[in-house]
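Notes for the one structure printed next.
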Amino acid sequence: MSGKFMDAEEIRRKAREAWRNNARCIGRSIWESLELLDARGAKSHEEVFEACLRHLEFSTNGGRIRSAITVFEPVARKERGIRIWNSQLIRYAGYRVRDGSILGDPEQAEFTARLMELGWEPPASRSRFDVLPLAIELPGKGVKLYEIPRQYVLEVPIRHPEFEWFEKLGLRWHALPAISDMAFVFDDCKFTAAPFSGYYMVTEIAVRNFGDENRYNMLPAVAEKLGLATNERGSFWKDRALVELCSAVMHSFKEAGVSMVDHHSAGQQFMKFVQKEEANGRSVPGDWTWLVPPMAGSSMDMYFRGYDKSRPEPAFKYQKPAWKNDRVSESAKASGCPFHS
Ligand code: ARG
């Protein structure tokens, strides 16, 4: 049966399987807890936007994060469906500054520029943590932009349990990672808009978002505050900065009452999941390079084995970024100023 008329219960089952199948996710042990929000009836830009807000509210749940997926109207495999242009429902802007550097999240710089081209006006005083508006496209009806009201965006200011200076780095992060640009597919059915979310693992923020050189690039600043010589390889300044970033992020989320898992617990839970799957006669699709956390990998059992190379469906799949498609930008222009708040 086409996903358009399928029973919500059946779609929920498929979505849980898609999560269970996801080769890159270390957090799959709780795949059976995924909740489905059925927004297949959303027909207008506004209705899609409102369902996104309901998703944020339900999944954030005041900090006690609930894993959830919202499904919008599906299409057949080759058709073009509803698209949320943002890679996640909550992401921070990256502004190109005159000297060539970037204020905010460099990962979002190109997308931020695109949104500004479409009429988005950043806050009067720009910061490193300005939440981007949602860009929602309906097939044949162009794209519209929507500012997310503050109360839907739970954020955690980052402090360190011991170092008072840490807070002055001015770091913060959003509580909810909600992937919004992947397709959820099974049989001949494709949900081109199906945002899903769960809680964070500490390294995603501390090691990658803050530590990566092409993201917030915080290792030199943290190491300097720790009094480490950043020119000496033997001082392991990067390693030590990473550990303190993890402590700070984990501590701050805990204090704020926001769900988060540390990578060691996540690794253990993942191994339990693997054992359970194998006991049920299923092998575990897995991509080692994504599964093993970016820190302390070899301290975890999951480091020492391989995973199934098959990629079964139901699945979450990458799609071509909708905002890079010229045909769409033309139709967006045709519909006038797409900005709505
Ligand atoms: N790594 C991504 C980020 O930092 C989020 C990916 C999904 N993560 C999750 N725990 N569900 O925003």
Side-chain angles (χ1 to χ4, degrees), residues 15-16 18-35 55-56 58-61 63-70 84 86-94 104-109 111-112 128-132 134 148 153-156 158 171-184 194-218 242 245-246 248-250 252-254 258-267 269-270 273 286-287 289-295 302 315-319:
R16 288 177 177 178
W19 185 6
R20 191 183 73 202
N21 286 336
N22 192 287
R24 295 182 163 184
C25 178
I26 189 177
R28 284 177 274 168
S29 63
I30 55 166
W31 63 276
E32 284 162 298
S33 71
L34 182 67
E35 284 304 340
H55 182 106
L56 290 176
F58 177 86
S59 190
T60 304
N61 190 29
R64 291 178 48 87
I65 309 278
R66 294 186 278 213
S67 304
I69 179 168
T70 292
I84 298 169
N86 311 59
S87 57
Q88 291 193 30
L89 295 181
I90 303 172
R91 245 16 200 171
Y92 297 121
D105 194 345
E107 186 190 66
Q108 297 296 318
F111 182 56
T112 303
R128 287 185 291 166
F129 300 102
D130 295 343
V131 175
L132 290 168
L134 284 177
I148 305 173
V153 184
L154 182 59
E155 291 183 285
V156 180
I158 310 298
L171 296 176
R172 56 199 291 117
W173 204 257
H174 51 88
L176 192 74
I179 307 289
S180 47
D181 60 353
M182 291 180 85
F184 163 39
F196 57 87
S197 52
Y199 51 73
Y200 263 117
M201 176 167 78
V202 63
T203 51
E204 298 185 81
I205 302 172
V207 177
R208 305 300 312 280
N209 301 350
F210 290 159
D212 278 11
E213 232 169 292
N214 58 4
R215 299 293 298 287
Y216 282 77
N217 190 25
M218 293 303 296
L242 285 167
L245 276 160
C246 281
V249 170
M250 196 73 217
S252 306
F253 269 63
K254 217 179 223 156
V258 176
S259 314
M260 168 170 273
V261 67
D262 68 87
H263 45 296
H264 299 283
S265 308
Q269 289 156 12
F270 181 75
F273 163 73
D287 178 343
T289 63
W290 273 65
L291 287 172
V292 173
M295 241 179 101
M302 58 185 297
F316 294 115
K317 295 203 163 172
Y318 291 115
Q319 330 186 62

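Order of listing sets the numbers, starting from 1, for every ligand and every atom in it. Any value given below was found using the heavy atoms of this structure, including those in side chains, with hydrogens, waters and symmetry copies removed.
Annotation for ligand 1: atoms under 4.0 Å from non-hydrogen atoms of Gln88 are 2 (C), 3 (C), 5 (C), 12 (O). For ligand 1, the atoms closer than 4.0 angstrom to any heavy atom of Tyr199 are 9 (C), 10 (N), 11 (N). Of all atoms in ligand 1, listed by their number and element, those nearer than 4.0 Å to a heavy atom of Tyr200 are 3 (C), 4 (O), 10 (N), 12 (O).
Scanning for ring pair (Phe, Tyr, Trp, His ring centres under 6.0 Å) contacts around Phe210 gives Trp173, with sequence neighbours left out.
Ligand 1 does not have Ile205 within reach: every non-hydrogen atom of the residue lies 4.0 Å or more from it.
Applying the salt bridge (Lys or Arg N to Asp or Glu O under 4.0 Å) test to residues at least two apart or on different chains, the pairs with a partner in residues 204-213 are Arg208-Asp212.
Relative to the six-membered ring of Tyr92, Arg128 misses at least one condition, a distance below 6.0 Å or an angle of at most 45° to the axis.
Looking from atom 4 (O) of ligand 1 to the surrounding protein, the closest heavy atom is Asn209 ND2, 2.9 Å. The nearest protein atom to atom 8 (N) of ligand 1, hydrogens excluded, is given as Glu204 OE1, 2.8 Å; this is a heavy-atom distance.
Between atom OH of residue Tyr216 and atom CG of residue Leu171 there is a gap of 9.0 Å, rounded to the nearest 0.5 Å.
When non-hydrogen atoms are compared, ligand 1 lies under 4.0 Å from neither the backbone nor the side chain of Glu107.
Between Ser87 and Gln108, the shortest heavy-atom contact is OG-NE2, 3.4 Å.
For ligand 1, the polar-atom distance check finds an N/O of Arg91 within less than 3.5 Å of one of the ligand's N/O atoms.
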For Phe196 and Asn22, what are the C-alpha separation, side-chain angles and deciding distance, and is it a side-chain contact (heavy atoms from CB on, under 4.5 Å)?
CA-CA 13 Å; Phe196 57 87; Asn22 192 287; 5.9 Å; no
